[in-house]
Engineer: 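Would you mind keeping the following structure in view while I ask a few things?
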Amino acid sequence: MLKRTFLHFPNVGERREKLLWKYGYLDWEDIINLPPPSGWSRFWLEWQKEAERSLVALDQKNSEYFALSLPTSHWWRAIPEFLNEAVYLDIETDEKMDVTVIGLADRTTYYAFLEDEEIDKVYEIIFNAKMLVTYNGKNFDVPILKKKFKDLKFPILHIDLCPLFRRLGYKGGLKAIETQLGIERSHQTQGLNGWDAVKLWQKWKYFKDKQAFETLLMYNYEDVVHLKSLLKIAYEKLWKATIELV
DNA sequence: TGAACTTCAAGTTTCAGGGG
DNA sequence: CCCCTGAAACTTGAAGTTCA
């Protein structure tokens, strides 16, 4: 999808991009190798230069380049290209919005960090990622982490699944969407929400309730790994919706 | 050729919604 | 309980088209 994206070319919006597809210009190579459609020659040289720059950026796996040049609402187009370098993030907090658990996953592994424990490792994992994936993380997880850890560097390419699913017509929060898509929670965490996670932490912190602690970690684990399946589903649906309109 | 109209892209404002 | 952004609707402005 990324290679057939022209929205970052000067004077191209969704309308002209669709027209180009219709005329048979399907990716950056076509822009470089084919002559312009009649009446569009005034744009052609600039667009060819941008197509060249985009090919170089993709070859260098430069996710920042695309995040900075594409409108945020179309960042999802870069998902397949940076899937292997994605980091999935979900945090839990206490009632004062203080971080209690930082849950992270990369392509192969899930990590849970408690409070400030091993924070260097958190910095490293996030710093090395080329794409960040969250649910409502732009409004919640990222601002909270940035406030507490001021020099934590996030990838600019941040896929927040919340607005994407809303655009696809799914109402409600993460758990509601999972139910609609047939993604199941374990028996242990069934029916729990974010506020329950706050209470589980309190039970552990003040009453050393080991069971509550285990449940909290399971809850975070499921939140984080479900992001992986949701990301793929969102991409498929957005891609189909974009192509259908051509 | 120039005035009126059309077509897009891009900038601005407003408000509803999901996280712990 | 408290936290915050983004999409939609509307406006502006540049460039193109039509027609006398």
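Residue numbers begin at 1 in each chain, while the letters A, B, ... track the order of the sequences.
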Engineer: Separation of A/L217 atom CG from B/dG20 atom P, in whole Å?
Structural biologist: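 In whole Å, B/dG20 P and A/L217 CG are 15 Å from each other.
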Engineer: Counting any heavy atom closer than 4.0 Å, what does A/I144 reach on the DNA or RNA strands: base, sugar-phosphate only, or nothing?
Structural biologist: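 Nothing: the residue A/I144, judged by heavy atoms under 4.0 Å, touches no strand.
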Engineer: Are A/K130 and A/E81 close enough for a salt bridge, meaning some N to O gap below 4.0 Å?
Structural biologist: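 No.
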Engineer: Would you indicate what A/N136 reaches in the nucleic acid, counting non-hydrogen atoms under 4.0 angstrom: base, sugar-phosphate, or nothing?
Structural biologist: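 Here A/N136 touches the bases of the nucleic acid.
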Engineer: Of all heavy-atom pairs between A/A78 and A/L157, which one has the smallest distance, and what is that distance?
Structural biologist: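 That would be CB-CD2, 4.2 Å.
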Engineer: Taking only the side-chain heavy atoms of A/L174 (C-beta and beyond), determine which of B/dG18, B/dC8, B/dG19 contains the nearest atom.
Structural biologist: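 Per side-chain heavy atoms of A/L174, the pick is B/dG19.
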Engineer: Would you mind reading off the distance between A/K199 atom NZ and B/dG19 atom C1', rounded to a whole angstrom?
Structural biologist: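 A/K199 atom NZ is separated from B/dG19 atom C1' by 16 Å.
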Engineer: Compute whether any side-chain donor of one residue and acceptor of the other, for A/T215 and A/Q188, lie under 3.5 angstrom apart.
Structural biologist: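 Yes.
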Engineer: By the 4.0 Å heavy-atom rule, please label A/N220 as base, sugar-phosphate, or nothing.
Structural biologist: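 Here A/N220 touches no strand at all.
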Engineer: Nearest-Å distance, CZ (A/F165) to P (B/dG17)?
Structural biologist: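 Answer to the nearest Å: 18 Å.
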Engineer: When the distance from CD of A/E17 to P of B/dC8 is rounded to whole Å, what number comes out?
Structural biologist: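 About 14 Å, once rounded to whole Å.
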Engineer: Report the residue from A/W47, A/W44, A/W40 that forms a ring pair (Phe, Tyr, Trp, His ring centres under 6.0 Å) with A/Y25.
Structural biologist: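 Result for ring pair (Phe, Tyr, Trp, His ring centres under 6.0 Å) with A/Y25: A/W44.
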Engineer: Taking the minimum atom-to-atom distance to the side chain of A/K175, which one of B/dG18, B/dG20, B/dC8 wins?
Structural biologist: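 It is B/dG20.
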Engineer: Note the angle between the end axes of the helix from B/dT1-C/dA20 to B/dG20-C/dC1, five pairs defining each, rounded to 10 degrees.
Structural biologist: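 One end's axis against the other's: 20°.
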Engineer: For nucleotides 1-7 of chain C, read 5' to 3', which letter fits each nucleotide if B means a protein heavy atom sits under 4.0 Å from the base, S means only the sugar-phosphate is that close, and - means neither?
Structural biologist: BB-BBSS
Engineer: State whether a side-chain donor-acceptor pair under 3.5 Å links A/D223 with A/Y135.
Structural biologist: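 Their side chains do not contain a donor-acceptor pair, so the 3.5 Å distance test is not met.
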Engineer: Report which part of the nucleic acid A/D90 touches: base, sugar-phosphate, or nothing (heavy-atom distance under 4.0 Å, all strands).
Structural biologist: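 Sugar-phosphate contact only.
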Engineer: Could you give the NZ-to-C1' distance, from A/K146 to B/dG19, as a whole number of Å?
Structural biologist: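 Atom-to-atom, A/K146 to B/dG19, this comes out as 17 Å.
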Engineer: Tell me the interatomic distance from A/K18, atom NZ, to B/dT7, atom P, rounded to whole angstroms.
Structural biologist: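 My rounded result for the distance is 17 Å.
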Engineer: Of all heavy-atom pairs between A/I119 and A/I102, which one has the smallest distance, and what is that distance?
Structural biologist: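 That closest heavy-atom pairing would be CD1-CD1, 4.2 Å.
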Engineer: Please check if any side-chain donor atom of A/H8 sits under 3.5 Å from a side-chain acceptor atom of A/S54, or the reverse.
Structural biologist: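 Result is yes, a qualifying pair exists.
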Engineer: Whole Å only: how far is the CD atom of A/E14 from the P atom of B/dT7?
Structural biologist: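 About 18 Å, once rounded to whole Å.
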Engineer: Regarding A/K208 and the six-membered ring of A/W204, is the cationic atom NZ or CZ under 6.0 Å from the ring centre and inside 45° of its axis?
Structural biologist: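 Yes, A/K208 sits over the ring of A/W204.
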Engineer: So, do A/K175 and A/N193 sit near enough that their side-chain heavy atoms are less than 4.5 Å apart?
Structural biologist: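 Not touching, per the 4.5 Å side-chain cut-off.
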Engineer: Using whole Å, what does the distance between atom P of nucleotide B/dG11 and atom CG of A/N11 come to?
Structural biologist: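 Nearest whole value for this atom pair: 11 Å.
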Engineer: Touch check for A/G137, heavy atoms < 4.0 angstrom, all strands: base, sugar-phosphate only, or nothing?
Structural biologist: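 Nothing, no heavy atom under 4.0 Å.
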Engineer: Angle class for the A/F6/A/W21 ring planes (parallel below 30°, perpendicular above 60°, tilted otherwise)?
Structural biologist: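 A/F6 vs A/W21 ring planes: tilted.
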